[in-house]
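These notes concern the structure reproduced below.
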Amino acid sequence: MAYVYGPVPSWRMGKSLGIDLLSVEEKTCPFDCIYCQLGRTVNKQIRREKFIDLRLLKAELETIKDKVRADCATFSGTGEPTLACNLGEAIELVKKILSLPVAILTNAALLKDEEVLLSLLKADLVIAKLDASREEVFQTVNQPAAELSLNDIKEGLWQFRARYKKKLALQMMFIQANKDCAGEMAQLAKAIAPDEVQINTPLRPCSVKPLSQKEIAAILKEFFTLKKVTTVYGATRPIVTPLNLAETIRRRPEYR
Ligand code: SF4
């Protein structure tokens, strides 16, 4: 299988079957986050394109539909899933064949694009990244394509929240470079009004050290006015056996 991987244990979604609509050799993303477990982004891309033929994805889904045991299907993999211009069609296809709720992990870089927004409206859960409250921290942590600013991300999230009535979670990755922004980020989260805030730190292998449990506990206190806040340290993960180990390792190197 080339486009479907896992299921993998997710602290946010239980048993998560991965769908990679990019399936490229080199990570393709508008960001180059310093904590990315897939390594450096060689070419930052903001142009949407069709990476895979959905007839091939359909064939894979038909092959596994009777044996897969998962809580949801998650669009994520070798880059930013909203770069795929057939995302909306793919969501419909996955729902029809697997009858699973569909989640999207996005860095929110393209949320101001109406086509992206319309595609995401079809998902049951959108988990959007927000790692900074100030432009200089955004540039340091997410290293975005030159065309993008933090204001674009914030405006995109506000617009999306106004139109998306299903579950929106904000994922905030905290490391040394942005931990002092926690109070400001809590204010931003409050203004965006997600259904949930997920406080994360990079526990998977990457070039940046995670924050300690004590540091994350201090950050959590800043979010006391938000209605639901979870942290990576407070979560449990289900035990799963991936259907296809090689493809899973390519997207999730910790399975090596
Ligand atoms: S947005 Fe995700 S895939 Fe892109 S560089 Fe950041 S962590 Fe990696």
Side-chain angles (χ1 to χ4, degrees), residues 3 5-6 8 10-13 16 18-49 51-52 74-84 87 103-113 116 119-120 123 125-133 135-150 152-154 156-157 160 168-179 181 185 194 198-211 232 247-255:
Y3 315 118
Y5 63 97
V8 293
S10 165
W11 64 281
R12 299 167 288 197
M13 292 166 291
S16 166
I19 313 278
D20 188 353
L21 267 193
L22 274 60
S23 292
V24 282
E25 284 301 317
E26 291 277 358
K27 176 183 50 158
T28 303
C29 188
F31 287 2
D32 184 15
C33 303
I34 57 174
Y35 56 77
C36 185
Q37 67 171 146
L38 298 173
R40 301 298 311 271
T41 311
V42 177
N43 293 310
K44 294 174 196 169
Q45 179 168 331
I46 57 167
R47 179 182 40 82
R48 301 186 79 208
E49 64 176 82
F51 293 89
I52 70 167
T74 305
F75 284 82
S76 171
T78 48
E80 169 55 32
T82 61
L83 284 173
L87 174 62
I104 314 279
L105 292 178
T106 176
N107 59 23
L110 305 181
L111 278 184
K112 282 175 74 180
D113 181 322
V116 171
S119 297
L120 291 179
L125 165 64
V126 173
I127 301 178
K129 179 189 296 298
L130 183 64
D131 295 338
S133 53
E135 184 64 35
E136 68 272 19
V137 178
F138 176 56
Q139 295 294 333
T140 301
V141 174
N142 300 118
Q143 305 189 102
E147 297 89 338
L148 295 168
S149 71
L150 181 61
D152 294 320
I153 309 300
K154 291 193 284 191
L157 284 165
F160 184 66
L168 171 66
L170 272 189
Q171 183 200 208
M172 297 181 159
M173 185 70 90
F174 282 98
I175 52 178
Q176 284 299 330
N178 64 351
K179 73 172 189 174
C181 299
M185 285 166 69
Q198 300 170 347
I199 295 178
N200 205 351
T201 195
L203 297 182
R204 294 178 192 152
C206 73
S207 56
V208 176
K209 278 191 183 162
L211 298 183
V232 66
E247 287 304 322
T248 302
I249 288 171
R250 203 156 83 77
R251 279 84 171 186
R252 298 282 297 270
E254 75 270 22
Y255 273 81

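Excluded from the calculations below are hydrogen atoms, water molecules and symmetry mates; all remaining heavy atoms, backbone and side chain alike, are included. If you're wondering where the values come from, they're calculated on a predicted model, not measured in any experiment. Every number for a ligand or one of its atoms is a count from 1 in the order of the listing. Positions are given from 1 along the sequence.
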Among side-chain atoms of Asn178 and Asp131, is any donor-acceptor pair under 3.5 angstrom? no
If I compare all heavy atoms of [X] with all of [Y], which pair ends up nearest, and what's the gap?
X      : Y      : answer
Glu147 : Asp152 : O-OD2, 3.7 Å
Leu38  : Gly77  : CD1-O, 3.3 Å
Met185 : Ala132 : CE-N, 3.8 Å

Report the nearest protein non-hydrogen atom to atom 2 (Fe) of ligand 1: residue, atom name, distance rounded to 0.1 Å. Lys129 CE, 4.1 Å
Derivation and outcome, side chain to side chain donor-acceptor pair (under 3.5 Å), residues Glu80 and Thr106: CA-CA 6 Å; Glu80 169 55 32; Thr106 176; 2.7 Å; yes
Which protein atoms of type N, O or S are found under 2.8 Å from atom 4 (Fe) of ligand 1?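 You should have found Cys29 SG.
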Check whether the ring centres of Tyr35 and Phe174 lie less than 6.0 Å apart, and answer yes or no. no
